[in-house]
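When reading the values below, keep in mind they use all heavy atoms of this one structure, side chains included, and skip hydrogens, waters and symmetry mates.
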Amino acid sequence: MSPSDADGLLELEIGAVAHGGSCVARHEGMVVFVRHALPGERVRARVTERSKRFLRADCVEVLRAAPERVTPPCPYAGRCGGCDWQHATLPAQRALKSAVVAEQLQRLAGVDVDVEVEEVPGAPDGLGWRTRVTYSVDADGRVGFLAHRSHEVVTVDRCAIAHPGIEALDVPGRRWPGVRQVEAAVSATSGETYVTTRPGRVTPGGVRESAAGRTWRVSGTGFWQVHPGAADTLVDAVLAALSPRQGESALDLYAGVGLFSGALADRLGPGGRVTAVESDRAAVRDAQANLAGLPTVRVHRGDVAAVLRRLRLRRADLVVLDPPRRGAGREVVDLLSLLRIRRLAYVACDPAALGRDVGYLRERGWRLSGLRALDLFPMTHHVECVATLVPAETFTTQ
């Protein structure tokens, strides 16, 4: 064992970025995933986790800095587990995310594609954008965020990426005895706010959001994109991917509160038809309220695969897939392969899940014909993608 090993410190040359907010290094033939480092750097890193196949470590000293390295804007960077890339410039962060998306698609789907993560309007400095924040609460009732891969609560007095409307609620300025989590939200358009605690007294409330030319009700802890520019940007990307035609039919799977269903209904016109599927009860109630004025939309509550089996559809000209982080999975892909579909837009918040599902779709005769990657989560490793897929026979004629 080397002297550096004895106290858990390793001197490492940092290589390529890895999925999940770390970079890859090697020590005595073993892979080391290093947080808070950048490709090309030489660092000292403290080992935080050991397994038979790899190590995890955290950079504690930079011996040779990359030109993209900057001083993190938040005093909790490096301790709080929420932000991964505050030590890099915003262009460098986007380049790292681009590399991850490209690597995951190549490795998991066998697709080589040039990826460029785009800036999204609403957070020019990468700060103050997060309109929904979940705080953890320690044993003394103080709020903070969990350290990386830990149950330790790092208490904070503010969050640099939280929207000003969240900061105005001053959640860290109060004590929360007997509470495990505090969830706070603000609408970037209406300014409405709510705070919910778990467990204990719950005041779900809700906010109104504006996007795609409509107002949307989002109740309690219902899902809505957390970046102020996300909803409109995603709607534009999905509509561009699908190129809807008047009178077509569409499936909106994992429909949430109905954002894509509403936008599609407007484009498809009175002769069109939109079938929305969502499993969360509160989201379904919101979607039914939000889409009540659109007679061409029908909302179904249930597991996506179960609803598809029950409906026994033969055709859906257009499909939107917007699954949770784990992805849609092989079962849903197999069920979609039974339908006649012209174009499919896959909205993905996890590059690995996107890569796996694109791989499944390719096995079923689909081809990736377009991809947009959007920086909806600055300072973190997360990235949102909108992939366009078409049947192989369509792809060859374009």
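The backbone N or O of R217 sits less than 3.5 Å from a side-chain atom of N290, completing a donor-acceptor pair. R362 places a side-chain N or O within 3.5 Å of a backbone atom of A109 that can act as its donor or acceptor partner. A donor-acceptor contact shorter than 3.5 Å links the side chain of D84 to the backbone of H381. The main-chain N or O of G329 is found under 3.5 Å from a side-chain atom of D357 such that the two form a donor-acceptor pair. Not a single donor-acceptor pair under 3.5 Å links the side chain of K97 to the backbone N or O of V117. Checked by atom type and distance alone, the side chain of E118 never pairs as donor or acceptor with a backbone atom of L374 at under 3.5 Å. No donor-acceptor distance shorter than 3.5 angstrom exists from the side chain of E11 to the backbone of R44, with no hydrogens or angles considered. Using modelled atom types, one side-chain atom of E278 and one backbone atom of D280 make a donor-acceptor pair closer than 3.5 Å. H87 places a side-chain N or O within donor-acceptor distance of the main-chain N or O of A37, the cut-off being under 3.5 Å. Remark: the backbone N or O of A348 is not paired with any side-chain donor or acceptor of R325 at under 3.5 angstrom.
Annotation for E61: atom CD counts as buried by contact number, over 12 foreign heavy atoms lying within 6.0 Å. Within 6.0 Å of atom CZ in R309, more than 12 heavy atoms from other residues, nucleotides or ligands are found, so the atom counts as buried in its surroundings. Within 6.0 Å of CZ on R208 lie no more than 12 heavy atoms contributed by other residues, nucleotides or ligands.
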| said: If you apply the rule side chain to side chain donor-acceptor pair (under 3.5 Å), what do you find for E192 with S187, and how did you get there? | reply: CA-CA 5 Å; E192 297 170 329; S187 167; 5.5 Å; no
| query | How far apart are the C-alpha atoms of V207 and V186, what are their side-chain angles, what is the distance that settles it, and do they pass the side chain to side chain contact (heavy atoms under 4.5 Å, CB included) test? | reply | CA-CA 7 Å; V207 298; V186 61; over 6 Å; no
| Do V320 and L242 pass the side chain to side chain contact (heavy atoms under 4.5 Å, CB included) test, and can you show the C-alpha distance, the side-chain angles, and the key distance before you say yes or no? | CA-CA 9 Å; V320 181; L242 295 178; 3.7 Å; yes
| request: Carefully, step by step, assess L105 and L371 under the rule side chain to side chain contact (heavy atoms under 4.5 Å, CB included). | output: CA-CA 11 Å; L105 283 168; L371 178 76; 3.7 Å; yes
| request: Applying side chain to side chain contact (heavy atoms under 4.5 Å, CB included), run through T388 and L368 and close with a yes or a no. | output: CA-CA 6 Å; T388 308; L368 182 70; 5.8 Å; no
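Applying the side-chain contact (heavy atoms from CB on, under 4.5 Å) rule to R175 yields the partners D140, R142, P177; only residues at least two apart in sequence or on another chain are considered.
No continuous path of hydrophobic side-chain contacts links V154 to Y135 [ILVMFWY only; heavy atoms under 4.5 Å]. No continuous path of ILVMFWY side-chain contacts below 4.5 Å connects L96 to V62, so the two sit in separate hydrophobic clusters. By the criterion of side-chain heavy atoms lying less than 4.5 angstrom apart, applied directly or through intervening Ile, Leu, Val, Met, Phe, Trp or Tyr residues, Y360 is grouped together with W366 in one hydrophobic cluster. M379 and V17 end up in different hydrophobic clusters when Ile, Leu, Val, Met, Phe, Trp and Tyr side chains are linked at under 4.5 Å.
Under 3.5 Å, the side chains of S219 and D286 contain a donor-acceptor pair of N or O atoms.
Here CD of E248 is found 4.5 Å from CG of L318. Values are rounded to the nearest 0.5 Å.
Side-chain heavy-atom separations under 4.5 angstrom define the hydrophobic clusters, and the remaining members of the one that includes V24 are V31, F33, F54.
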